[in-house]
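I have placed the structure first, in the form of structure tokens, so that the comments after it can refer back to it.
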Amino acid sequence: MKIASFNVNSVKARLNNLTQWLSETNPDVVCLQELKCVDEAFPREAIEDLGYNVAVHGQKTYNGVAILSKFPMEDVTPRLPGDDSDEQARYIEALISTGTTPIRVGGLYLPNGNPVHTEDGALHEKYTYKLAWMDRLIKHAEILLTLEEPFVLAGDYNIIPQAEDCHKPSAWKDDALFRQESRDKFRKLINLGLTDSFRACHTEPNRYTFWDYQAGAWQKDNGIRIDHLLLSPQAADMLSACDVDKEIRGREKPSDHVPIWIELDIPE
DNA sequence: ATGGTCGCCGAGCGA
């Protein structure tokens, strides 16, 4: 079973790019981020025509996440628990009925968190929101782990886990994507017992999932690895491959992110 | 390079 994550940076602007990639690579499950549209505006028919069930948690202009699945989905739950006042559409979860072992999939768009500081030097609310959101994700992962089932937390984490996951670490030193507090929260998630799929399959440095639109970042391979699929121990036991569809970034009208995917060997 | 580039929507923000 192939499970992918793709921050499309507007699903409407990216529809042709997205459907072409879906047709070519045929993933079973896809977590999408940054839809930038409400549920009613999601191009549902075009996706369903390719054989996917669709679960959307949209938002006007900002954020928005979805799960596409060739298998039926049960228990579809938008929102990350822990703060009922949070209106930002950044999380959706579903139980994927594979026919044998069900796989729980959480699709997430973790807050960017910049700027880190306000003008007077205090921590900016955007950064504290990011850290608080990560605390909620950690708590939720702890609860999912008690179920002792295979699950995948896939999405745009807006976290560069290590120096080797970016082109120029010094440029990111004080950025919300690389600051120590941010990376510590990500480590905390990993240390619960989750597996970073990409690092379980690859040791080489400088493999990226995002290249900025600005300043020729793509041409210079000035990228960062911020899209991740984290696995519960039961899912990690099924992991057979993980890779990044880098070539997508060089196509016409691309997203600034590219898809990352895993292959899970589900037992009969 | 206090710029650069996208996408939202129709000015300026978010990334």
Side-chain angles (χ1 to χ4, degrees), chain A residues 5-21 31-43 46 56-66 86-91 107-121 123-134 154-161 165-179 181-183 185-186 208-228 244 246-260:
Chain A
S5 175
F6 188 11
N7 180 324
V8 289
N9 185 19
S10 169
V11 72
K12 285 187 278 182
R14 218 64 60 209
L15 187 57
N16 287 343
N17 197 294
L18 173 63
T19 53
Q20 190 182 353
W21 169 75
C31 297
L32 298 178
Q33 302 89 37
E34 280 208 86
L35 306 177
K36 297 189 174 182
C37 68
V38 294
D39 294 11
E40 296 72 29
F42 186 90
V56 184
H57 180 37
Q59 184 180 336
K60 182 182 162 68
T61 310
Y62 306 116
N63 311 316
V65 287
D86 186 358
E87 298 292 334
Q88 300 190 32
R90 294 181 175 276
Y91 189 83
L108 64 102
Y109 176 43
L110 208 146
N112 177 294
N114 284 305
V116 172
H117 295 291
T118 60
E119 284 183 18
D120 59 15
L123 287 182
H124 198 285
E125 63 184 352
K126 286 189 179 298
Y127 190 54
T128 56
Y129 174 68
K130 176 180 193 148
L131 296 178
W133 205 95
M134 294 188 81
D156 177 0
Y157 280 71
N158 270 313
I159 292 285
I160 303 165
D165 297 314
C166 65
H167 178 73
K168 190 182 172 190
S170 62
W172 293 95
K173 190 168 69 74
D174 297 316
D175 193 281
L177 279 62
F178 192 59
R179 277 175 65 91
E181 302 100 312
S182 308
R183 293 162 61 196
K185 299 280 187 207
F186 187 79
Y208 310 130
T209 63
F210 169 95
W211 295 259
D212 202 289
Y213 287 126
Q214 301 183 70
W218 166 245
Q219 288 75 12
K220 291 186 259 187
D221 198 28
N222 178 8
I224 50 180
R225 188 173 74 91
I226 57 174
D227 298 272
H228 309 297
V244 174
K246 180 177 180 179
E247 171 263 333
I248 298 292
R249 185 63 178 79
R251 292 190 179 182
E252 194 177 342
K253 215 174 180 296
S255 172
D256 40 8
H257 295 250
V258 295
I260 176 169

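Lettering of chains follows the sequences in order, A, B, ..., and the numbering in each one begins at 1.
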Rounded to whole angstrom, note down the [atom1] distance from [N] over to [M].
| N | M | atom1 | value |
| --- | --- | --- | --- |
| B:dG3 | B:dC13 | P | 15 Å |
| B:dA1 | B:dA11 | P | 33 Å |
| B:dG14 | B:dC9 | P | 15 Å |

Gap between atoms [atom1] and [atom2], on [X] and [N] respectively (whole Å):
| X | N | atom1 | atom2 | answer |
| --- | --- | --- | --- | --- |
| A:Leu32 | B:dG7 | CG | C1' | 17 Å |
| A:Asn63 | B:dG14 | CG | C1' | 10 Å |
| A:Trp211 | B:dC6 | CH2 | C1' | 17 Å |
| A:Asp256 | B:dA15 | CG | P | 12 Å |
| A:Gln33 | B:dA15 | CD | C1' | 14 Å |
| A:Glu34 | B:dC8 | CD | P | 11 Å |
| A:Leu15 | B:dC8 | CG | P | 12 Å |
| A:Glu119 | B:dT2 | CD | P | 18 Å |

Would you say [X] places a side-chain N or O within less than 4.0 Å of OP1 or OP2 belonging to [N]?
| X | N | result |
| --- | --- | --- |
| A:Lys253 | B:dG7 | yes |
| A:Lys12 | B:dG7 | no |
| A:Arg14 | B:dG7 | yes |
| A:Lys36 | B:dC6 | no |

Query raised in the report: Base, sugar-phosphate, or nothing for A:Tyr109, non-hydrogen atoms under 4.0 angstrom?
Result: sugar-phosphate
Report task. Assign the ring pair A:His228 / A:Phe186 to parallel, tilted or perpendicular, where the plane angle (0 to 90°) is split at 30° and 60°. Result ->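 It falls in the tilted class, 30° to 60°.
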Between [options], which nucleotide has the shortest distance from any of its atoms to the side chain of [X]?
| X | options | value |
| --- | --- | --- |
| A:Tyr62 | B:dC8, B:dT5, B:dG14 | B:dG14 |
| A:Gln214 | B:dC6, B:dG14, B:dA15 | B:dA15 |
| A:Tyr213 | B:dA15, B:dC8, B:dT5 | B:dT5 |

**Report entry** Interatomic spacing from CG in A:Asp227 to OH in A:Tyr109 - rounded to 0.5 Å
**Finding:**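 Answer rounded to 0.5 Å: 10.0 Å.
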Requested in this report: Could you tell me whether a side-chain N or O of A:Lys130 sits under 3.5 Å from a main-chain N or O of A:Ser182, the two making a donor and an acceptor?
Outcome: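 Side chain of A:Lys130 to backbone of A:Ser182, a donor-acceptor pair under 3.5 Å: no, none is there.
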Query raised in the report: Using 4.0 Å as the upper bound for N to carboxylate O, is an ion pair formed by A:Glu181 and A:Lys185?
Result: no
